[in-house]
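Written below as structure tokens is the structure these notes are about.
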Amino acid sequence: FKAFTIKLNPLDGIYYCDLLPLMKSDTFLNQRIKTIDSFFCDDLDKFLQDKMIIAVDGPSGAGKSTLGKMLAKKLGLLYLDTGAMYRAVAYAVLQQNAADNEKKIIEVAENSVIELIGEPDSLQVLLNGKDISGLIRTNEVGQMASIVSTVSEVRRILVRRQQELG
């Protein structure tokens with residue numbers, strides 16, 4: 001896999017692109033980019049021949065999802081809304097009243113079938129075959145997703161699933 005991370009800083013509106021050592025060139029290291037289009041230059045095309053993973057990191061509300069969707073569309077890559085996966089587990093945890101039991105949270109994560117269907121702009125999130133797309137966007141589910149994501153075994157489970165999808 002070839003991979004790089006884009007970090008968002010909402011204070012200055014600049015995208016920082018840090019290519020990881022897996023890349024064969026340091027052309028873009030620490031390059032500042034102000035628009036998505038300025039990022040796509042000829043040098044990037046040679047990196048698209050192999051599988052690529054792009055991780056977008058930044059604080060809540062910085063535009064990670066927006067940037068991720070734009071990159072996926074521009075590069076023809078799979079967009080994987082990992083936040084929606086954590087929210088789906090959080091929703092399931094709340095439905096099963098398991099919020100106070102870490103062992104039960106892990107069990108819920110392990111046994112939940114999460115599907116992401118459709119284009120990034122109209123993504124459907126299915127939990128055990130049920131569309132929960134709208135149900136996972138509440139404050140309560142968001143808060144539980146923050147708690148669920150701190151459980152290392154849950155992260156391991158979801159990362160494995162994300163790797164299987166990608």
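Throughout, residue positions are numbered sequentially from 1 according to the sequence presented.
- Using a 4.5 Å cut-off between side-chain heavy atoms of Ile, Leu, Val, Met, Phe, Trp and Tyr, with links allowed through other members, L126 and V108 fall into different hydrophobic clusters.
- Although no hydrogens or angles enter the test, the distance criterion places no donor-acceptor pair under 3.5 Å between the side chain of N128 and the main chain of S112.
- Separation of atoms OG1 (T82) and CZ (R161) is listed at 14.0 Å; rounding is to 0.5 Å.
- Taken to the nearest 0.5 Å, the OG atom of S146 stands 8.0 Å off from the CZ atom of R87.
- Remark: L127 CG to E115 CD distance equals 9.5 Å, nearest 0.5 Å.
- V141 and V151 end up in the same hydrophobic cluster when Ile, Leu, Val, Met, Phe, Trp and Tyr side chains are linked at under 4.5 Å.
- Across all their heavy atoms, L123 and G118 have their closest contact at CD1-O, 3.9 Å.
- Pairing each heavy atom of I106 with each of I157, the nearest pair is O-CD1, 3.9 Å.
- The line from CE of M144 to CG of N139 is 13.0 Å long, rounded to the nearest 0.5 Å.
- For the pair S149 and R155, the tightest heavy-atom approach, listed with the atom from each and the gap, is O-NH1, 2.8 Å.
- Atom-to-atom distance recorded for E140:CD and L94:CG is 5.0 Å, nearest 0.5 angstrom.
- Cluster annotation: V154 and I147 are assigned to the same hydrophobic cluster (Ile/Leu/Val/Met/Phe/Trp/Tyr, side-chain heavy-atom contacts under 4.5 Å, transitive).
- Ion pairing between E153 and R156 holds under the 4.0 Å rule for side-chain N and carboxylate O.
- Counting heavy atoms from C-beta outward, I117 and D131 have side chains that stay 4.5 Å or more apart.
- What you find for V89 and A109 is that their closest heavy atoms are CG1-CB, 4.0 Å.
- Within a 6.0 Å radius of CD in E102, no more than 12 heavy atoms belonging to other residues, nucleotides or ligands are found.
- No side-chain heavy atom of E107 sits under 4.5 Å from any side-chain heavy atom of N101.
- Here the shortest heavy-atom pairing between V125 and A88 reads CG1-CB, 4.1 Å.
- For the atom pair CD of Q143 and OG1 of T138, the computed distance is 8.5 Å after rounding to the nearest 0.5 Å.
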